[in-house]
Amino acid sequence: MDVTLQLTIDCADPAKLVTFWTEALGYVPEPAPGGHPTWRAYWADMGVPEEELTEGVGEAPESIVDPDGQGPRVWFQRVPEGKAVKNRVHLDLKVGGGRGVPLPERTRRVRGKVDRLTAAGATVLRVMDEPDMDYYGVVLRDPEGNEFCVV
């Protein structure tokens, strides 16, 4: 049996997270299939009843995809409640190159990505740079408070 992976992130504002995570992951907003102008138009054409399509849903992209087709699709699912506690699952954006890359270069790469993401709306929670470790990473929150790491 074939399995495909979709990452679903609960949120209040899918459009905001589409914008942020396209920057974070180098993904692109997923266009509606079949030449439809919006996902809402696609779903309506597929026969999804109007009462199931809440106000605004599908008018702007709510999912992003890897332009190279390698990574999983990410769908930002609108939910009524806000984030209340720490994530049980989080993403690690591995931009440093791993331990085969000298620590100063890894640190430079991570800081560069963190700078771009904070400009896009992320907030730094903590820096992981213990003096006796050959490691550098940063824990951040996306614009809706979901934690992730840049390492």
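Only this structure's heavy atoms are used, side chains among them; waters, hydrogens and symmetry mates stay out.
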Before giving the answer on side-chain contact (heavy atoms from CB on, under 4.5 Å), spell out for Val150 and Leu117 the whole-Å C-alpha distance, their side-chain angles and the decisive distance to 0.1 Å.
CA-CA 10 Å; Val150 177; Leu117 295 178; 4.0 Å; yes
Going by heavy atoms in the side chains, are [X] and [Y] under 4.5 Å from each other?
X      : Y      : result
Leu103 : Arg106 : yes
Tyr136 : Val151 : no
Val138 : Phe148 : no
Thr8   : Phe76  : no
Trp75  : Glu62  : yes
Leu93  : Leu25  : yes
Pro143 : Leu17  : yes
Pro72  : Tyr27  : yes

When you measure from the side chain of Arg78 to the backbone N and O of Ala12, does any donor-acceptor pair fall under 3.5 Å?
yes
Whether Glu144 side chain and Asp13 backbone form a donor-acceptor pair below 3.5 Å
yes
Check the surroundings of atom CD in Glu55: do more than 12 heavy atoms from other residues, nucleotides or ligands lie under 6.0 Å from it?
no
Heavy atoms from other residues, nucleotides or ligands near CE of Met133 exceed 12 (cutoff 6.0 Å):
yes
What heavy-atom pair brings Ile64 and Pro29 nearest, and what distance separates the two atoms?
CG2-CA, 4.1 Å
Can you tell me how far OG1 of Thr118 sits from CZ of Arg111, rounded to the nearest 0.5 angstrom?
12.5 Å
Once rounded to the nearest 0.5 Å, what's the spacing between atom OG1 of Thr107 and atom CG of Asp129?
8.0 Å
Which of Arg73, Gln77, Gln6 passes side chain to side chain donor-acceptor pair (under 3.5 Å) with Ser63? It is Arg73
Please work out which of the three classes, parallel, tilted or perpendicular, describes the rings of Trp39 and Trp43, given edges at 30° and 60°.
tilted
